[in-house]
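Let me begin by presenting the structure, written as structure tokens, before commenting on it.
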Amino acid sequence: MAERFFNSDYKEHAVLSDGSHVTLRLIRPEDKHLLTEGFSKLSPEARYLRFFTGKGRLTEGELHYFTEVDQEHHFALGALARSEDGKHFGVGVARFVCLKDDPTVAEPAFTILDDWQGLGLGRLLFQRLMAAARERGVERFRIEVLRENHSMLDLIDRTCSEAVCTPSGPVMQIEFRIPDVPPQAGPEDKSHHSPFYRFFRRATDQSELFQRASRTLTQLRASFLMGEGMIDEED
């Protein structure tokens, strides 16, 4: 077997769009404190988009699962930055977990600190995650995304040209073939969105519009009923 690019010695330095420096490397068992600190910095919205529920903390079992990985069927990559006092802290994590019944299909997941979003880190981690997946024989990614997670939809759109989506309430399951990505490829940035993204963004916008309209009608109905009650009392 040829030596893999994404191994325990892998380390990559990158500069983000705002000039910030980050270092990419594989997640290690001793990174539990970094994940705990990073999670504490996530906004409630970011936690909800990642875990689909409100989450106060990571349990010991979750920390074990997230850090003690085989880097084969469960691959995890982290991005570190350095504070002014010289200490490293985590700013992003990307991972995939292969399906037990079909190891050629894996479920990816991403977490980026709020202050580090929109700088190209997500696209960079996604590129490296796909390259590592192809290196390990993974052919397709299958991911569940909340409809309101526009940044994730945008990331998928900028990465793959074809995808199959199965909507299910507020969650969409998206599956696509992983493109051939060189291990050191730069993050691709399109100036326009494909029909895939436009369709789901439109669906999301319509869903949000419907929800706003429903809330407005409910409020109007409540006001109307209250008004009728006041008239009855006056009569």
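Without hydrogens or angle criteria, Q117 side chain to I112 main chain gives a donor-acceptor distance under 3.5 Å. No donor-acceptor pair under 3.5 Å is formed between the side chain of D102 and the backbone N or O of L99. Remark: side-chain polar atoms of R128 are paired, donor with acceptor, to backbone N or O of P183 under 3.5 angstrom.
Applying the side chain to side chain contact (heavy atoms under 4.5 Å, CB included) criterion to R47, with sequence neighbours excluded, gives F39, L42. For H33, the ring pair (Phe, Tyr, Trp, His ring centres under 6.0 Å) criterion is met by no residue, not counting sequence neighbours. Scanning for side chain to side chain contact (heavy atoms under 4.5 Å, CB included) contacts around P29 gives K32, E68, with sequence neighbours left out. Residues satisfying the salt bridge (charged side-chain N to carboxylate O under 4.0 Å, His left out) test with E72, not counting sequence neighbours, are R4. S83 is linked by a side chain to side chain contact (heavy atoms under 4.5 Å, CB included) to D85, K87, F89, counting only residues two or more places apart in sequence or in another chain. With sequence neighbours excluded, the residues that form a side chain to side chain contact (heavy atoms under 4.5 Å, CB included) with D18 are L16, S20, L119.
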Report the C-alpha distance between R95 and H74 in whole Å, list the side-chain angles of each, state the deciding distance to 0.1 Å, and finish with yes or no for side chain to side chain donor-acceptor pair (under 3.5 Å).
CA-CA 7 Å; R95 69 179 68 243; H74 184 171; 2.8 Å; yes

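Using bins of under 30°, 30° to 60° and over 60° for the plane-to-plane angle, the ring pair F126/F110 lands in the perpendicular bin.
Interatomic distance, CZ of F6 versus CG of L26, reported as 8.5 Å (0.5 Å rounding).
Of the N and O atoms on the side chains of S43 and D114, at least one donor lies less than 3.5 Å from an acceptor on the other residue.
Between D180 and R134, at least one side-chain nitrogen of the basic residue sits less than 4.0 Å from a carboxylate oxygen of the acidic one, meeting the salt-bridge criterion.
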